[in-house]
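So the structure is just underneath, and the comments pick up after that.
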Amino acid sequence: MSQIEIKVPTVGESITEVTIGSWVKKDGESVKRDEVICSLDSDKASFDVVSEADGVLRVKAQEGDVLPIGGLICVIETSAEAASAPASTPAPVASAPAPVAAASVAPATAAKIVEMKVPTVGESVTEVTIASWNKKDGDTVQLDEVLCELESDKATFELPAEAAGVLRIVAEAGSTLSIGAVICKIEVGAGSAAASAPVAEAPQSNGQAVTANASNDSYAAGHPSPAAAKILAEKGINPASVAGSGVGGRLTKEDAIAAQPQTAPKPTPAEQPKAPVAAPAAPAPAPKAADARGQRRVKMTSLRKTIARRLVAVKNETAMLTTFNEVDMKPIMELRNKYKDKFKEKHGVGLGFMSFFTRACAVALQEFPVVNAFIDGDEVVYNDFSDISIAVSTERGLVVPVIRNAEKMTFSQIEKEIIRLAGLARDNKLTIDQMQGGTFTITNGGIFGSMLSTPIINAPQAAILGMHNIVERAVVVNGEIVIRPIMYVALSYDHRTIDGRDSVSFLVRVKQLLEDPTRLLLEV
Amino acid sequence: MQYDVIVIGSGPGGYICAIRCAQLGLKTAIIEKYKTLGGTCLNVGCIPSKALLDSSEHYYNASHTFAEHGIQLENLKVDLAQMIARKSEVVSQVCKGVEFLMKKNKIDVYQGLGSFVDKNTVKVTKEGGDIEMITSKNIVIATGSKPSSLPGVTIDKKRIITSTEALQLNEIPKHLIVIGAGVIGAELGSVYARIGAKVSFVEYASAMIPTMDATMGKELQRTVKKLGADFYFSHKVKTVENTGDEVIVTAENPKGELVTFTGDYCLMSVGRKPYTDGLALENAGLVADQRGKIEVDEHTLQTKVPNIYAIGDVIRGAMLAHKAEEEGVFVAETIVGQKPHINYLLIPNVVYTWPEVAGVGYTEDELKAKGIAYKTGSFPFKALGRARASMDIDGTVKVLAHKETDEILGAHIIGPRAADMIAEAVVAMEYRASAEDVSRMSHAHPTYTEAFKEACLAATGNRALNA
Ligand SMILES: Cc1cc2nc3c(=O)[nH]c(=O)nc-3n(C[C@H](O)[C@H](O)[C@H](O)COP(=O)(O)OP(=O)(O)OC[C@H]3O[C@@H](n4cnc5c(N)ncnc54)[C@H](O)[C@@H]3O)c2cc1C
């Protein structure tokens with residue numbers, strides 16, 4: 001029987017981890033080569049994982065699990081016997097730990113050591129530091145239990161156990177390792193008697209439901225204690241999705257208290273056989289009913305958690321600050337008023353402000369290359385092209401599709417591209433490719449009425465332009481107070497590479513181009 | 001008055017439910033038609049029967065084993081009136097205890113017959129005929145059960161009696177004919193056999209306590225026989241007649257012949273039926289099934305009318321006080337939106353004869369029927385130091401474990417304090433322990449519970465240490 005491991009592919013340079021969105025196929029099911037088996041979500045996009053071979057699927061990561069790039073998603077067992085194994089009785093996977101053998105059964109143990117190495121966490125990351133160990137040397141660990149935290153220059157991530165067994169730490173906390181170096185070893189099946197047979201036969205109880213958790217072959221693995229069962233039911237968590245820390249993988253009350261629902265809890269029909277329309281089964285307890293000062297707790301989606309972590313990381317890991325200016329929008333508005341009908345007639349798209357801003361930034365980026373550059377390790381990477389990310393707000397959160405080579409595009413091309421990308425974003429159809437590789441970002445808080453804000457850089461980029469609302473303000477022009485449509489603009493930038501002179505000059509240049517758009521034509 | 005929960009019936013199901021509701025902050029009322037709270041269990045069930053079982057067991061030991069212990073007694077005799085008086089005192093104390101608990105938890109107690117007006121309103125008809133209407137968001141039916149009889153048999157409560165009368169007889173029967181050798185028959189038959197009555201069990205099934213593991217019935221019969229009881233199994237009772245000074249029981253024996261038994265009392269202990277008389281279920285849109293049970297949703301214990309729940313003897317399942325209590329807590333927690341569980345397989349059955357009988361999980365016959373491969377480990381009390389010391393050497397522990405995984409699937413004990421010992425098996429089985437798990441846990445020595453450990457060792461690998 002041969003096995004093919006399917007791991008999280010490298011999906012984009014800034015993506016270090018993905019979340020298992022949903023399993024299309026079930027553990028133990030037969031799958032065909034190229035069949036879609038599950039979907040993965042990153043903070044940028046969702047994509048499907050297809051089977052690399054015909055065989056039987058052994059799920060290694062549950063829905064909602066967050067895996068690093070290179071993390072094990074599942075195993076495909078590719079042999080005739082495996083393929084014919086009935087789906088309902090998952091055969092023990094060879095890599096699974098030996099069962100805790102009943103005393104009457106001769107103890108047999110699989111002597112297998114799983115080496116855990118530093119995963120590929122991103123193209124630009126070459127080494128990681130072990131921030132802390134959550135488990136001690138010699139501890140018994142469960143599959144997917146977090147063993148330690150790794151830090152790269154970009155982010156911190158957790159290392160989940162690739163197998164259940166006894167942990168043998170190789171690299172201590174604080175040590176810096178390159179990608180591929182061994183972090184620790186897990187002695188699979190260690191703890192019981194010395195091994196003879198390489199693969200143990202898991203005793204299968206036919207009377208009791210055998211949990212599908214291949215990581216722990218005790219017949220009682222995943223069995224909740226009475227209190228744990230109640231707590232899990234109330235949280236809407238399937239006990240099968242919780243790793244048990246009790247004897248033989250049993251779920252203790254503590255496990256249940258610590259368990260987090262991994263996806264929005266959907267009441268399973270078995271648990272809620274009867275949902276009376278008026279839900280009289282659950283009237284609020286009297287104290288709650290007293291008045292309407294309720295609180296709600298809603299789990300963060302994985303996208304939201306990733307965004308949250310990223311934003312904090314950027315604030316912590318860059319030297320970010322913001323410079324401001326104001327733009328008199330009168331010339332652009334006049335130009336727009338004059339040509340918007342003709343423009344629409346000719347190009348089939350409206351003439352908006354975004355094309356002016358995108359053009360202006362593209363030109364300014366060519367003139368201030370450091371604003372269009374990013375740091376990679378000890379080097380600064382300069383980009384000759386202006387690939388401008390445009391922040392689009394969708395229901396799932398903010399996404400940033402990229403307008404490529406904006407420096408070469410005409411106004412109408414930019415307008416069309418923005419409409420196309422925004423449409424894909426709202427339909428949740430943007431691909432990773434369409435969202436990565438931007439060199440600079442424009443975000444428009446003005447559409448929600450923002451007067452002034454300090455946007456956060458879209459790492460690894462070095463700068464971001466914030467647009468705001470246009471307000472008629474009294475300004476002084478040629479010694480006279482006049483009313484002009486004014487927009488404040490903000491440029492947040494990473495001071496590590498961009499000096500104040502460059503950032504301020506960049507923004508002044510953008511202002512200049514916007515206040516006198518003819519310059520865009522004449523390239524002056 | 002407007003409540004969050006009204007509980008109808010104050011038995012172990014009802015009063016426990018009311019307390020849990022109150023603990024959860026619900027405004028709660030309880031209705032009881034009798035003057036004392038506590039239902040069947042406290043007034044005419046578990047508690048008084050145990051009181052008489054203990055008294056009669058003391059007498060039996062005094063007359064049969066004290067001499068061997070080196071205690072000489074003269075003029076030993078039974079004062080039945082005092083036994084009954086003590087029992088009544090015990091009952092009155094525990095009932096007052098429930099009254100106190102109602103006060104402590106600020107539960108309003110309504111004494112009177114509760115009947116539905118509609119699905120949210122209950123009419124309480126008090127003794128004098130006064131009527132009070134109370135309404136509630138939720139109503140819990142906990143009206144329990146009453147003794148049932150057989151066709152052709154009229155219970156006159158004088159010579160043809162139920163357990164309720166058997167708990168307060170004025171004289172020791174000369175010959176008590178017990179129809180039905182189930183739990184209640186075995187217990188009350190034992191009481192009177194120990195204090196001198198001749199007892200004959202007439203039973204339709206082929207063994208005592210037929211719902212429990214077959215080994216238990218056989219063992220129990222052996223020990224009850226020592227009290228001088230006779231057994232007539234596979235006998236179908238046709239008629240019971242009170243002739244004034246005697247009762248004549250006519251039954252069909254296994255050969256199809258009619259046989260008669262003559263005694264001075266006949267205890268009908270053929271089971272109990274759910275009780276819903278006077279509840280006016282129809283006003284709430286409910287009906288009881290043919291056997292009088294109220295149908296409930298398996299997962300929520302809601303009746304067809306979602307704000308009305310039912311628990312205890314009035315619904316399906318074993319008629320046991322602790323089962324009713326679990327359901328009472330379950331319903332209270334369900335009402336506030338919690339998600340409690342009841343594992344019905346792990347509700348233990350208990351019989352308070354001496355030796356006691358207790359069982360939990362699957363019986364051997366059930367495992368066979370389900371086709372589950374199992375192994376058996378048994379350990380007799382006569383091999384146990386503790387049992388030797390107290391001269392309680394009758395009985396055995398039988399543990400049934402899964403053939404491959406060694407998980408304990410059933411535990412059946414007949415022996416001293418079996419009803420207390422079974423708790424260990426329940427705990428182990430709630431955690432799905434294997435027989436070996438239990439054998440690796442220290443059990444104090446000398447105790448009766450060592451027998452359970454030894455039986456687990458026997459089940460694990462036929463390695464009981466003291467057998
Ligand atoms: C002799 C005997 C011995 C027993 N021994 C044991 C034992 O050792 N262990 C054990 O677990 N079980 C034992 N049982 C069984 C146990 O008593 C019952 O299972 C238990 O009492 C059921 O509880 P319940 O709350 O459902 O109902 P009950 O205890 O029957 O309580 C129902 C209450 O509701 C009241 N009621 C009914 N209708 C109305 C109405 N319309 N309005 C107001 N009030 C109403 C009744 O008066 C009663 O008080 C024994 C039973 C008997 C008869």
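All chains are named by letter (A, B, ...) in the order of the sequence lines, taking the proteins before the strands, and each is independently numbered beginning at 1.
- Heavy atoms closer than 4.5 Å to chain A are found in the side chain of B/Glu333, but not in its backbone.
- Put simply, the side chain of A/Tyr219 never gets that close to the backbone of B/His402: no donor and acceptor are under 3.5 Å apart.
- Going from atom CG of A/Leu232 over to atom NE2 of B/His341 covers 8.0 Å, rounded to the nearest 0.5 Å.
- Within 6.0 Å of atom NZ in B/Lys293, more than 12 heavy atoms from other residues, nucleotides or ligands are found, so the atom counts as buried in its surroundings.
- Remark: B/Ala435 pairs with B/Ala401, B/Asp406, B/Ile408, B/Cys456, B/Ala459, B/Thr460 by the side-chain contact (heavy atoms from CB on, under 4.5 Å) rule, at least two apart or across chains.
- Rounding to the nearest 0.5 angstrom, the gap separating the CD atom in B/Gln338 from the NZ atom in A/Lys230 is 3.5 Å.
- Surrounding CD of B/Gln2 are more than 12 heavy atoms belonging to other residues, nucleotides or ligands, all under 6.0 Å away.
- B/Glu430 pairs by the side-chain hydrogen bond (donor to acceptor under 3.5 Å, both in side chains) definition with nothing, not counting sequence neighbours.
- In terms of heavy-atom proximity, A/Ala233 sits nearest to B/Lys339 at CB-CB, 3.4 Å.
- Neither the backbone nor the side chain of B/Asn462 comes within contact range of chain A, judged by heavy atoms closer than 4.5 Å.
- Residues A/Ser225 and B/Tyr431 approach most closely at CB-CE2, 3.2 Å, considering heavy atoms.
- Counted within 6.0 Å of CD on B/Gln23, heavy atoms from surrounding residues, nucleotides or ligands total more than 12; the atom is thus considered enclosed.
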